[in-house]
Asks: 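To start, I am sharing the structure in question, which I have written as structure tokens.
Positions are given from 1 along the sequence.
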Amino acid sequence: MPTSFGFSKVAEGQKQLLVDDVFHKVAERYDLMNDLMSGGFHRVWKDAMVSCLAPPKTARTGWRLLDVAGGTGDIATRVVRKSDEAVTAVVCDINDSMLSVGRDRAAKAGLGDLITFSQGNAEELPFPDRSFDAYTIAFGIRNVPDIPKALREAHRVLKRGGRFLCLEFSEVDVPVLDKVYDAFSFNAIPPIGRWVTGDADPYQYLVESIRKFPSQERFADMIRDAGFERVGFRNYSGGIAALHHGWKF
């Protein structure tokens, strides 16, 4: 069955290889990539995501986070620091270039004992059932070939009472802003990417992948279909990004 790679149709098994290539190319400049895609607002949105998660500040609970498609450790670092280093985190990413960046950053931040890195596929997570208290994924789920399968895996690895949070670029719901954002995305981001990195193709794909991602309401339905309850979302910056959340009961 064909699947989408941006606006292109590719064979079902080909998308993951193409996505991997994109992130091999941008791994060293991942934060810059998100700065370009969001005008720098991704840092504010990520902080808001972690505040919504509210990790405990006591080590007695043994609370564990799984951050998927978070190879650079950006979200995991925020969560561990928000907890005053009372919790631990596992970062799972399919791309070894991203994981290499994350390991280096965690070591330099002195968090190597609290954040571990594991290579794995969001569709087939290498962890037992009911292993984690929270599952986060930021700007990664739209790159997964089979999103419903990844959501079911998220539900599987969470403990009862576990929390699911997904931060993703979404559908702008403010008149005029939607047209301005589209014009900026398609006309500015790929050329800026070429100027900064020498290659516009990864940025062209990333812009297109945002437009192919389901709307907030449709994605919330997908999360419910995976078994989560009390599902909701909140828009950031007029819907440029949205934080989806749900519970496993």
Asks: Between CD1 of Ile147 and CZ of Arg152, what distance do you get to the nearest 0.5 Å?
Replies: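 Reported to 0.5 Å precision, the distance equals 12.0 Å.
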Asks: Please report the shortest heavy-atom distance between Ala86 and Ser83, naming the atom on each side.
Replies: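 Smallest heavy-atom distance, with atoms named: N-OG, 3.0 Å.
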Asks: With a 3.5 Å distance limit and no angle check, can you tell me whether Glu123 reaches the backbone of Ala150 through a side-chain donor-acceptor pair?
Replies: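 Looks like no, no N/O pair under 3.5 Å.
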Asks: If we count only N and O atoms by modelled type, under 3.5 Å, do the side chains of Trp45 and Ser237 hold a donor and an acceptor together?
Replies: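 The answer is yes; a qualifying pair exists.
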Asks: How many angstroms lie between atom SG of Cys92 and atom CG of Leu99, to the nearest 0.5 angstrom?
Replies: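 It is 7.5 Å, given to the nearest 0.5 Å.
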Asks: Would you say Phe233 ends up clustered with Ile210 if hydrophobic residues are merged whenever their side chains have heavy atoms under 4.5 Å apart, either directly or through other cluster members?
Replies: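 They do not share one cluster, since no chain of ILVMFWY contacts under 4.5 Å joins Ile210 to Phe233.
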Asks: Indicate yes or no: at least one non-hydrogen side-chain atom of Ser118 is less than 4.5 angstrom from one of Pro126.
Replies: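 They are in contact (side-chain heavy atoms under 4.5 Å apart), so the answer is yes.
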Asks: Set out, in order, the CA-CA distance, both residues' side-chain angles and the distance that settles side chain to side chain contact (heavy atoms under 4.5 Å, CB included) for Val91 and Ile115, then state yes or no.
Replies: CA-CA 7 Å; Val91 176; Ile115 303 175; 3.8 Å; yes
Asks: Compile the donor-acceptor pairs under 3.5 Å between side chains in residues 75-82 and protein atoms, sequence neighbours left out, one pair per line.
Replies:
{"from": "Thr77", "atom 1": "OG1", "to": "Gly73", "atom 2": "O", "distance (Å)": "2.8"}
{"from": "Arg78", "atom 1": "NE", "to": "Asp47", "atom 2": "OD1", "distance (Å)": "2.8"}
{"from": "Arg78", "atom 1": "NH1", "to": "Asp74", "atom 2": "OD1", "distance (Å)": "2.3"}
{"from": "Arg78", "atom 1": "NH1", "to": "Asp74", "atom 2": "OD2", "distance (Å)": "3.2"}

Asks: What are the two closest non-hydrogen atoms of Ser209 and Asn143, and how far apart are they?
Replies: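 Heavy-atom minimum between the residues: OG-OD1, 4.3 Å.
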Asks: Which atom names give the shortest non-hydrogen contact between Asp93 and Gly70, and what distance separates them?
Replies: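 For Asp93 and Gly70, the tightest heavy-atom pair comes out as OD2-N, 3.5 Å.
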Asks: Looking only at heavy atoms, what is the nearest atom pair of Leu151 and Ala226, with distance?
Replies: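 Minimum heavy-atom separation between Leu151 and Ala226: CB-CB, 3.6 Å.
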Asks: Within a reach of under 6.0 Å around CG of Asp113, are more than 12 heavy atoms found that belong to other residues, nucleotides or ligands?
Replies: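 Check fails, neighbour count at 12 or below.
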Asks: Could you pull out every donor-acceptor pair under 3.5 Å between side chains of residues 159-176 and any protein atom, sequence neighbours left out?
Replies:
{"from": "Lys159", "atom 1": "NZ", "to": "Asp133", "atom 2": "OD2", "distance (Å)": "3.4"}
{"from": "Arg160", "atom 1": "NH1", "to": "Phe249", "atom 2": "O", "distance (Å)": "2.7"}
{"from": "Arg163", "atom 1": "NH1", "to": "Cys52", "atom 2": "O", "distance (Å)": "3.2"}
{"from": "Glu168", "atom 1": "OE1", "to": "Gly140", "atom 2": "N", "distance (Å)": "3.3"}
{"from": "Glu168", "atom 1": "OE1", "to": "Ile141", "atom 2": "N", "distance (Å)": "3.4"}
{"from": "Glu168", "atom 1": "OE1", "to": "Arg142", "atom 2": "N", "distance (Å)": "3.3"}
{"from": "Glu168", "atom 1": "OE2", "to": "Arg142", "atom 2": "NH1", "distance (Å)": "2.6"}
{"from": "Ser170", "atom 1": "OG", "to": "Gln216", "atom 2": "OE1", "distance (Å)": "3.2"}
{"from": "Ser170", "atom 1": "OG", "to": "Gln216", "atom 2": "NE2", "distance (Å)": "3.3"}
{"from": "Asp173", "atom 1": "OD2", "to": "Asn235", "atom 2": "ND2", "distance (Å)": "3.1"}

Asks: According to ring pair (Phe, Tyr, Trp, His ring centres under 6.0 Å), does anything in residues 86-128 pair up with another residue at least two apart or in another chain? List the pairs.
Replies: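 Every ring pair (Phe, Tyr, Trp, His ring centres under 6.0 Å) pair that includes a residue of residues 86-128, provided the two are not neighbours, is Phe127-Phe132.
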Asks: Going by side chain to side chain contact (heavy atoms under 4.5 Å, CB included), name the residues that satisfy it together with Lys179, two or more places apart in sequence or in a different chain.
Replies: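 Per chain and number, Lys179 pairs via side chain to side chain contact (heavy atoms under 4.5 Å, CB included) with no residue.
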Asks: Got a second to check how far Asp146's CG is from Glu124's CD, nearest 0.5 Å?
Replies: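 Answer rounded to 0.5 Å: 10.0 Å.
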Asks: Check Arg156 with Glu153, please: is the shortest side-chain N to carboxylate O separation under 4.0 Å?
Replies: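 A salt bridge links Glu153 with Arg156.
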Asks: Apply the test salt bridge (charged side-chain N to carboxylate O under 4.0 Å, His left out) to residues Glu229 and Lys248: give CA-CA distance (whole Å), side-chain angles for both, the deciding distance (0.1 Å), then the verdict.
Replies: CA-CA 6 Å; Glu229 300 180 46; Lys248 176 179 177 177; over 6 Å; no
Asks: Can you find a heavy atom in the side chain of Arg105 that is under 4.5 Å from one in the side chain of Thr72?
Replies: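 Yes, close enough: below the 4.5 Å cut-off.
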Asks: Decide side chain to side chain contact (heavy atoms under 4.5 Å, CB included) for Glu85 and Leu114; before the verdict, give the C-alpha distance in whole Å, the side-chain angles of both, and the deciding distance to 0.1 Å.
Replies: CA-CA 8 Å; Glu85 301 186 10; Leu114 297 175; 3.6 Å; yes
Asks: Using the rule given for side chain to side chain contact (heavy atoms under 4.5 Å, CB included), can you reason through Tyr135 versus His155, listing the C-alpha separation, both sets of side-chain angles and the distance that settles it, and then say yes or no?
Replies: CA-CA 9 Å; Tyr135 174 115; His155 190 272; over 6 Å; no
Asks: Looking at every heavy atom in both Pro56 and Val87, which two are closest together, and how far apart are they?
Replies: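 Heavy-atom minimum between the residues: O-CG1, 3.5 Å.
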Asks: Taking the side chain as every heavy atom from C-beta outward, state whether Leu66 and Ser131 have any atom pair closer than 4.5 Å.
Replies: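 They are not in side-chain contact.
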Asks: Which value, rounded to the nearest 0.5 Å, describes the distance between Ser185 atom OG and Ile240 atom CD1?
Replies: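 Between atom OG of Ser185 and atom CD1 of Ile240 there are 8.0 Å.
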Asks: Kindly write out the residues that satisfy salt bridge (charged side-chain N to carboxylate O under 4.0 Å, His left out) with Asp104, not counting sequence neighbours, or none if the list is empty.
Replies: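 Partners of Asp104 under the salt bridge (charged side-chain N to carboxylate O under 4.0 Å, His left out) test: none.
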Asks: Assess the pair Phe41 and Tyr236: is the distance between their ring centroids shorter than 6.0 Å?
Replies: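 No.
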Asks: Is there a side-chain contact between Leu53 and Thr136 in this structure, where contact means two heavy atoms from C-beta onward sitting under 4.5 Å apart?
Replies: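 Heavy-atom side-chain distance check passes, below 4.5 Å.
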Asks: Name all residues meeting the side chain to side chain donor-acceptor pair (under 3.5 Å) criterion together with Arg230; count only those two or more places apart in sequence or in a different chain, and write none if there are none.
Replies: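 Residues passing side chain to side chain donor-acceptor pair (under 3.5 Å) with Arg230: none at all.
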Asks: Report the C-alpha distance between Val157 and Arg130 in whole Å, list the side-chain angles of each, state the deciding distance to 0.1 Å, and finish with yes or no for side chain to side chain contact (heavy atoms under 4.5 Å, CB included).
Replies: CA-CA 5 Å; Val157 300; Arg130 299 180 294 279; over 6 Å; no
Asks: Quick one: CG on Leu158 to CZ on Arg64, what's the gap to the nearest 0.5 Å?
Replies: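 So the CG of Leu158 and the CZ of Arg64 are separated by 11.5 Å.
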Asks: Report the distance from atom CG of Leu111 to atom OG1 of Thr116, rounding to the nearest 0.5 Å.
Replies: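 Going from the CG atom of Leu111 to the OG1 atom of Thr116 covers 12.0 Å.
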Asks: Looking at every non-hydrogen atom in both residues, tell me the closest pair between Lys57 and Asp84 and how far apart they are.
Replies: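 Shortest heavy-atom contact: CD-OD2, 3.5 Å.
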